Amino acid sequence: QVQLVESGGGLVQAGGSLRLSCAASGRTFSSLTMGWFRQAPGKEREFVVAISWSGRSTSYADSVEGRFTISRDNAKDTVYLQMNSLKPEDTAVYYCAANVRPYIDRRPNHYDYWGQGTQVTVSS
């Protein structure tokens with residue numbers, strides 16, 4: 001089992017920045033592929049970004065490429081999402097997810113563990 005706890009969400013003006021954190025426990029963090037997803041009201045959960053267990057490989061959704069950066073600290077069992085140049089359309093609940101398979105995947109149903117989510121609201 002893996003427990004994931006997100007933090008760092010909040011309200012920010014368009015053009016601003018936020019940094020989300022996701023702390024993991026319960027399983028060797030360094031073996032997990034980690035991802036961030038988001039879900040806006042009335043929409044399906046969508047892929048944002050993922051990072052390999054080593055941190056050497058990443059994959060970004062086109063909508064956030066160049067604005068968001070994922071990173072991980074395996075010594076702290078934590079993955080981060082730095083979000084810059086935020087737009088109102090980035091408003092959503094952001095979820096951290098863990099995949100026990102050793103490859104990056106964009107499909108939410110391929111992730112095994114999920115956090116409770118953290119709200120990000122970007123005002124115009």
Side-chain angles (χ1 to χ4, degrees):
Q1 287 287 352
V2 176
Q3 292 77 44
L4 302 172
V5 180
E6 302 99 334
S7 60
L11 173 64
V12 65
Q13 288 188 330
S17 298
L18 282 175
R19 189 195 197 201
L20 306 184
S21 299
C22 173
S25 62
R27 183 179 174 133
T28 304
F29 178 74
S30 60
S31 69
L32 298 170
T33 299
M34 300 299 297
W36 287 95
F37 292 78
R38 66 187 182 185
Q39 189 166 17
K43 295 188 177 181
E44 293 187 353
R45 190 167 299 190
E46 66 171 355
F47 171 80
V48 176
V49 60
I51 188 168
S52 64
W53 64 270
S54 66
R56 286 194 286 267
S57 296
T58 57
S59 178
Y60 291 86
D62 290 345
S63 59
V64 306
E65 181 86 53
R67 299 188 297 122
F68 290 11
T69 302
I70 191 172
S71 61
R72 66 188 296 162
D73 186 340
N74 287 345
K76 296 183 178 180
D77 293 349
T78 302
V79 62
Y80 305 97
L81 181 62
Q82 178 66 43
M83 305 186 294
N84 298 329
S85 302
L86 282 161
K87 304 175 181 180
E89 51 264 45
D90 294 318
T91 295
V93 177
Y94 282 70
Y95 297 91
C96 172
N99 182 350
V100 302
R101 302 162 190 82
Y103 53 81
I104 288 178
D105 201 308
R106 295 182 169 217
R107 295 166 289 186
N109 61 341
H110 282 229
Y111 283 74
D112 305 286
Y113 303 99
W114 292 84
Q116 81 288 352
T118 185
Q119 176 71 45
V120 171
T121 303
V122 184
S123 63
S124 57

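Keep in mind that this is a model prediction, so the values were computed, not measured. Just the heavy atoms: all of them, side chains too, but no hydrogens, waters or symmetry mates, feed the values below. Residue indices begin at 1 and follow the sequence shown.
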Over all atoms of both residues, closest heavy-atom pair of Pro108 and Trp114
O-CZ2, 3.3 Å
Suppose the criterion is salt bridge (charged side-chain N to carboxylate O under 4.0 Å, His left out): which pairs have a residue in residues 60-81, not counting sequence neighbours?
Arg67-Asp90
Contact check, side chains of Ser59 and Phe47, non-hydrogen atoms, under 4.5 Å:
yes
Please answer whether the main-chain N or O of Val5 pairs with a side-chain N or O of Gln116 as donor and acceptor at a distance below 3.5 Å.
no
Can you name the closest pair of heavy atoms from Gly117 and Val93 and give their distance?
CA-CG1, 3.8 Å
Output every pair passing salt bridge (charged side-chain N to carboxylate O under 4.0 Å, His left out) with a member in residues 109-124, not counting sequence neighbours, ordered by first then second residue.
Arg101-Asp112
Over all heavy atoms of both residues, which pair between Ala14 and Ser124 is shortest? Give the atoms and the distance, please.
CB-CA, 4.4 Å
Parallel under 30°, tilted from 30 to 60°, perpendicular over 60°: which one fits the rings of Tyr94 and Phe68?
tilted
Min side-chain heavy-atom separation Tyr113-Val100 under 4.5 Å
yes
Please check: side-chain N/O of Thr91 versus main-chain N/O of Val122, any donor-acceptor pairing under 3.5 Å?
yes
Kindly give the heavy-atom pair with the smallest separation between Ser30 and Asn74, and that separation in Å.
CB-ND2, 3.6 Å
Does Trp53 belong to the same Ile/Leu/Val/Met/Phe/Trp/Tyr cluster as Met34, with side-chain heavy atoms less than 4.5 Å apart forming each link?
no
Counting C-beta onward and ignoring hydrogens, is there a side-chain heavy-atom pair between Met83 and Leu20 closer than 4.5 Å?
yes
Side chains of Leu32 and Asn99, heavy atoms from C-beta outward: is any pair under 4.5 Å?
no
Are any non-hydrogen side-chain atoms of Arg38 and Val64 less than 4.5 angstrom apart?
yes
Look only at the side chain of Glu6 and the backbone of Cys96, and say whether a donor-acceptor pair between them is shorter than 3.5 Å.
yes
What closest approach, in Å, do Thr78 and Ser21 show between heavy atoms, and which atom pair accounts for it?
CG2-CB, 4.3 Å
For the side chain of Gln82 and the backbone of Arg19, is there at least one donor-acceptor N/O pair under 3.5 Å apart?
no
Considering all heavy atoms of both residues, which atom of Thr69 and which atom of Tyr60 are nearest to each other, and what is their separation?
CA-OH, 3.3 Å
Rounded to the nearest 0.5 Å, the CD1 atom of Ile104 sits from the CD1 atom of Ile51 at a distance of 7.5 Å
Under 4.5 Å between any side-chain heavy atoms of Val79 and Trp36, yes or no?
yes
If the plane angle is over 60° it's perpendicular, under 30° parallel, otherwise tilted; pick one for Tyr111 and Phe37.
perpendicular
Under the side chain to side chain contact (heavy atoms under 4.5 Å, CB included) rule, what do Tyr95 and Val48 come out as? Steps first, then yes or no, please.
CA-CA 10 Å; Tyr95 297 91; Val48 176; over 6 Å; no
The side chain to side chain contact (heavy atoms under 4.5 Å, CB included) partners of Glu89 (sequence neighbours excluded) come to Lys87
